[in-house]
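One structure is given here, and the rest of the page talks about it.
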Amino acid sequence: MTLHFEKSGSKYDRLSYIYDRLSRSPDGVTIKDLAEELKVSTKTVQRDLHEALSGSGVYCDGRRWKLSRNSAEDGLANEERIVLGVLDSLAKHAGPAFYNKAHQLLEQVTCQLDHPLFASLDSETLSEEHLKTFTLLENAIKSRNLISAAYTSVNKKRRNVKLKPLRLAFFDGYWYLLAFDAESKDTFKKFHLKSLSTITTLDETFTYPKEIAETIEKAFSVWFTLNEPFEVRLWVEKEIAPYFERKPYHGQSIEGRDADGSIEVVLRVTDEMEVLPIVQWYLPHIRILEPEWMNDMLMEKIAAYTKVL
């Protein structure tokens, strides 16, 4: 981030100028040059460098002063820098527009973002225009204003919508707007964010029960609904049991362990599609024990698949 110096004579402005000047001068700058540019004494610059900026990656190389971002002291513990490094790595997968902004923000916390970390996030790319959409929708959500927009569905049909925006959510690599459809009896729906266009904030406002917000916060899949949650009981073979133990699904509990290493897992969901993709992913090492109707649904899908083959 470029720092701008205003010659107000304050120490903060002076330090900002020195830091910015060094960051743009890979060959370094002499104390004399800095003093002339700032119109202060060489002793003042020397004191600034030694006392105020030495912990910010500024160092002396012969007669010239340079900036090493990697050696800057940010007051963070190593574990905290690792967390920021992971966030920086994840941000790369959201596209250059998003990453440039995220990286600049993270650099304001620490310049040491060069950890040997790699984090893969299967995410759709966000452009500068999409970031503006985020801001517009975020403001509408906070003020609880209705919005109008054009929405293009997966079958390429375009329609005008009037929505009560509730949350921006990220599921399985895609961004969605969770909202009530005001023109469909306030039906709760998920709208693919990048498929919304010509968004306008309306003067109309709305309210919704606190319980709705609490339910939304528990969502872990795009398939979730506002229906009453129900339990699904799974039998999981020992070959894949570690995956359920390492990264438990939201609302998961392990309620039984067999001598052969298999486990019994219970999930609380609001829609069968929150579970079926998980089961299909791990077949044939997993089985639906309850409810029976969901197991029948899975068998029908398998039968239809084998029939096509």
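The structure presented is a predicted model; accordingly, all values stated were derived computationally and were not measured.
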Honestly curious: do L196 and F206 fall in one hydrophobic cluster under the side-chain, below-4.5 Å linking rule?
-> no

Group every Ile, Leu, Val, Met, Phe, Trp and Tyr by side-chain heavy-atom contacts under 4.5 Å, then state whether L168 and Y176 land in the same group.
-> no

Closest heavy-atom contact between K66 and G28?
-> CG-CA, 3.6 Å

Cationic N near anionic O, under 4.0 Å, D27 to R64 = no

In this structure, CG of N145 is separated from CG of L137 (nearest 0.5 Å) by 12.0 Å

Would you indicate whether the side-chain heavy atoms of I18 and L38 approach each other to under 4.5 Å?
-> yes

Check P165 against L177 and note the closest heavy-atom contact, atom names and distance.
-> CB-CD1, 3.9 Å

Distance only, no hydrogens: is a donor on one side chain within 3.5 Å (strictly under) of an acceptor on the other, for H130 and E124?
-> no

All heavy atoms of L178 vs all of I216, minimum pair found to be CD1-CG2, 3.7 Å

Answer yes or no: are there more than 12 heavy-atom neighbours, outside E292 itself, under 6.0 Å from its atom CD?
-> no

Salt bridge (charged side-chain N to carboxylate O under 4.0 Å, His left out): pairs with one or both residues in residues 134-153, sequence neighbours excluded = E138-K142

Is V58 linked to I31 within one hydrophobic cluster, defined over Ile, Leu, Val, Met, Phe, Trp and Tyr using a side-chain heavy-atom separation of less than 4.5 Å?
-> yes

Are more than 12 heavy atoms from other residues, nucleotides or ligands located less than 6.0 Å from atom CG of D203?
-> no

How would you list, by chain and number, every residue that makes a side-chain hydrogen bond (donor to acceptor under 3.5 Å, both in side chains) with S25, sequence neighbours excluded?
-> R21

Mind checking what makes side-chain hydrogen bond (donor to acceptor under 3.5 Å, both in side chains) contact with D33, not counting sequence neighbours?
-> T30

Got L163 and L146 here, is their nearest side-chain heavy-atom distance under 4.5 Å?
-> no

Would you please classify the geometry between the W293 ring and the F230 ring as parallel, tilted or perpendicular, with 30° and 60° separating the classes?
-> tilted

With sequence neighbours left out, what residues match Y243 under ring-ring contact (aromatic ring centres under 6.0 Å, His included)?
-> none

Minimum side-chain heavy-atom gap R14-T44 below 4.5 Å | yes

Give the C-alpha distance, both sets of side-chain angles, the deciding distance and a yes or no for side chain to side chain contact (heavy atoms under 4.5 Å, CB included) between L289 and N295.
-> CA-CA 7 Å; L289 300 177; N295 187 62; over 6 Å; no

Contact check, side chains of S197 and T152, non-hydrogen atoms, under 4.5 Å = no

Joint cluster assignment, I240 & L234, ILVMFWY side-chain distance < 4.5 Å | yes

Which pairs, with at least one residue in residues 274-289 and sequence neighbours excluded, count as a side-chain hydrogen bond (donor to acceptor under 3.5 Å, both in side chains)?
-> E237-H285, T270-E274

Any side-chain heavy-atom pair of L298 and V279 under 4.5 Å = yes

Carboxylate-amine/guanidinium contact K164 E204, below 4.0 Å | no

Would you say the side chain of M297 lies within less than 4.5 Å of the side chain of L276, judging by non-hydrogen atoms?
-> yes

Quick one: list whatever passes ring-ring contact (aromatic ring centres under 6.0 Å, His included) with F171, sequence neighbours left out.
-> none

Pairs flagged by salt bridge (charged side-chain N to carboxylate O under 4.0 Å, His left out) wherever residues 170-182 is involved - sequence neighbours left out | R159-D181, D181-K189

Rounded to the nearest 0.5 Å, what separation is found between the OG1 atom of T225 and the NZ atom of K190?
-> 6.5 Å

side-chain hydrogen bond (donor to acceptor under 3.5 Å, both in side chains) with N139: which residues, sequence neighbours excluded?
-> none

Which value, rounded to the nearest 0.5 Å, describes the distance between F244 atom CZ and S253 atom OG?
-> 12.0 Å

Residue set satisfying ring-ring contact (aromatic ring centres under 6.0 Å, His included) with F188, at least two apart, ordered chain then number -> F224

Tightest non-hydrogen contact, residues A213 and R167, listed as CB-NH2, 3.8 Å

CE/M294 to CE/M273 distance, rounded to the nearest 0.5 angstrom?
-> 10.0 Å

Is it true that I254 and W235 fall in one hydrophobic cluster, defined by side-chain heavy atoms closer than 4.5 Å?
-> no

For F191, the ring-ring contact (aromatic ring centres under 6.0 Å, His included) test, sequence neighbours excluded, returns Y151

Rounded distance [0.5 Å steps], CG in L34 versus CG in L49 = 6.5 Å

Would you call the rings of W175 and F170 parallel, tilted or perpendicular if under 30° counts as parallel and over 60° as perpendicular?
-> tilted

Pairs in or reaching into residues 238-259: which pass salt bridge (charged side-chain N to carboxylate O under 4.0 Å, His left out), with residues at least two apart or in two chains?
-> R233-E255, E245-R257

Sidechain-backbone polar pair: S221 side chain, W223 backbone, donor-acceptor under 3.5 Å | yes

Got more than 12 heavy atoms from elsewhere within 6.0 Å of OH, Y249?
-> yes

I would like to know whether V265 and Q252 meet side chain to side chain contact (heavy atoms under 4.5 Å, CB included); could you show each step before the answer?
-> CA-CA 7 Å; V265 174; Q252 170 187 307; 3.6 Å; yes

Under the side-chain hydrogen bond (donor to acceptor under 3.5 Å, both in side chains) test, which residues partner D296, sequence neighbours left out?
-> none

Mind running side chain to side chain contact (heavy atoms under 4.5 Å, CB included) on T205 and S143 for me, showing each step along the way?
-> CA-CA 8 Å; T205 59; S143 61; over 6 Å; no

When rounded to the nearest 0.5 angstrom, what is the spacing between CG in L226 and CD1 in I212?
-> 5.0 Å

Find out whether L22 and W65 are in side-chain contact, i.e. whether some heavy atom of one side chain is under 4.5 Å from a heavy atom of the other.
-> yes

